[in-house]
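Structure, as structure tokens:
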Amino acid sequence: MTLHTVNKSPYLSQCLADCLDRVSAGDSIVLIEDGVYGINCATSETLSALNKAIAQLMTLGVQFCALRPDIEARGLQTTSANCPFNLLSDGDFVDLVCEADKVLSWY
Amino acid sequence: MNDALPPSNQTQHSSDQDKPNTPITPNTRRILLVCRTAPYGNALARESLETALAAGAIGAKVAMLFLDEGVWQLAQHQKPQGIGRKNHSAMLGALPLYDIDTVLVDRDSLSKRCIDLAELGDFTQLIDSLQVKEVIADHDVILSF
């Protein structure tokens, strides 16, 4: 399993879209740092291209996560009950990194 | 150098190396350098190349994958003398000399940027989006630049 980290806002950068294009079934994606500005991307009209990709990857067992301390630091919250991103503590993030075969950073 | 070794030593040496199920060591680990930034704007493209050459020099198995903005590194006719930099594409051309023979380029990233396939050096291999996923899954370590 490859763990993909994304640390740029999807409103600024192509990083998340580029990552979604290269994710395989069973991989995990974690939004970190400014990447957490994408926490509501699955329901954002501005980012509609990402909605479809995320929905499709979820059917392939791709796990979507975001780092809670980074979300809280920026005053963000999920706006939909169907938000696909699981919130991780720093400790959860470390566990996920250890579980992964390798990490690929999108920045 | 090997010619100087007694034949018995040589045989012993090669049979050790050919053992199946060799544990993954720093030298057998397959390393993928994912290059996603254009040259000259920052130091990342240059650093990926230095990493590749250093890893190649110690005998590590290195592959490079050019994705997204990274494909600009492969554009021909770069003339960076006017900005006081070395020619990046010319340095990439030296990769085969350092035994880095796997230089992969994402076809979609090229076509999105209207980069002519004919411009690519013959040391590169074009791959499609499905193969990109396979290459990522297939390596032990990934470094992204």
Side-chain angles (χ1 to χ4, degrees), chain A residues 1-35 38 41 47-50 52-65 67 93-94 96-107, chain B residues 23-26 28-38 41-45 47-48 51 55 60-73 104-115 126-145:
Chain A
M1 181 267 279
T2 303
L3 175 63
H4 303 260
T5 64
V6 178
N7 80 339
K8 294 283 187 300
S9 165
Y11 299 96
L12 172 74
S13 147
Q14 275 287 109
C15 275
L16 181 57
D18 290 341
C19 166
L20 295 177
D21 279 346
R22 278 65 178 248
V23 167
S24 294
D27 284 357
S28 297
I29 299 173
V30 187
L31 305 182
I32 59 170
E33 303 166 13
D34 282 350
C41 66
L47 301 174
S48 56
L50 299 183
K52 211 172 143 188
I54 290 174
Q56 202 219 335
L57 289 172
M58 285 180 74
T59 67
L60 295 176
V62 172
Q63 199 187 345
F64 289 87
C65 309
L67 198 57
F93 182 36
V94 172
L96 197 56
V97 170
C98 293
E99 213 178 289
D101 299 320
K102 62 215 155 194
V103 178
L104 175 46
S105 314
W106 300 87
Y107 61 94
Chain B
I24 293 177
T25 66
T28 59
R29 218 161 19 194
R30 301 177 66 237
I31 303 172
L32 179 67
L33 308 185
V34 177
C35 305
R36 295 184 59 248
T37 44
N42 59 37
L44 282 165
E47 283 169 1
S48 68
T51 304
K61 293 185 172 60
V62 188
M64 297 183 85
L65 170 60
F66 289 88
L67 273 188
D68 304 325
E69 290 288 270
V71 297
W72 291 119
Q73 295 183 34
L104 307 167
V105 186
D106 176 40
R107 186 191 299 272
D108 286 353
S109 302
L110 289 171
S111 60
K112 276 183 191 162
R113 290 165 181 78
C114 304
I115 298 176
L126 281 182
I127 60 173
D128 62 30
S129 53
L130 190 63
Q131 290 171 304
V132 169
K133 294 181 190 185
E134 288 168 1
V135 166
I136 290 170
D138 194 36
H139 282 77
D140 301 312
V141 177
I142 302 177
L143 301 174
S144 45
F145 293 90

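Order of the sequence lines sets the chain letters (A, B, ...), proteins ahead of strands, with each chain counted from 1. The analysis underlying the following values was restricted to heavy atoms, covering all of them including side chains, and did not include hydrogens, waters or symmetry mates. All values derive from a computational prediction rather than experimental measurement.
Neither the backbone nor the side chain of B:D108 comes within less than 4.5 Å of any heavy atom in chain A. For chain A, no part of B:T37 is nearby; none of its heavy atoms comes within less than 4.5 Å. Heavy-atom distances place no part of A:D27 under 4.5 Å from chain B, backbone and side chain included. The contact between A:S105 and chain B is made by backbone and side chain atoms together, counting heavy-atom distances below 4.5 Å.
Between B:V62 and B:A55, the shortest heavy-atom contact is CG2-CB, 3.4 Å.
The backbone N or O of B:L143 sits nowhere less than 3.5 Å from a side-chain atom of A:K102 that would complete a donor-acceptor pair.
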Next item on the list: For side-chain contact (heavy atoms from CB on, under 4.5 Å), just list the numbers for A:C19 and A:I29, CA-CA rounded to whole Å, side-chain angles, deciding distance to a tenth of an Å, and then say yes or no.
Entry: CA-CA 9 Å; A:C19 166; A:I29 299 173; 4.2 Å; yes
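A:R22 has a carboxylate O that lies under 4.0 Å from a charged side-chain N of B:D68, or vice versa, which qualifies the two as a salt bridge.
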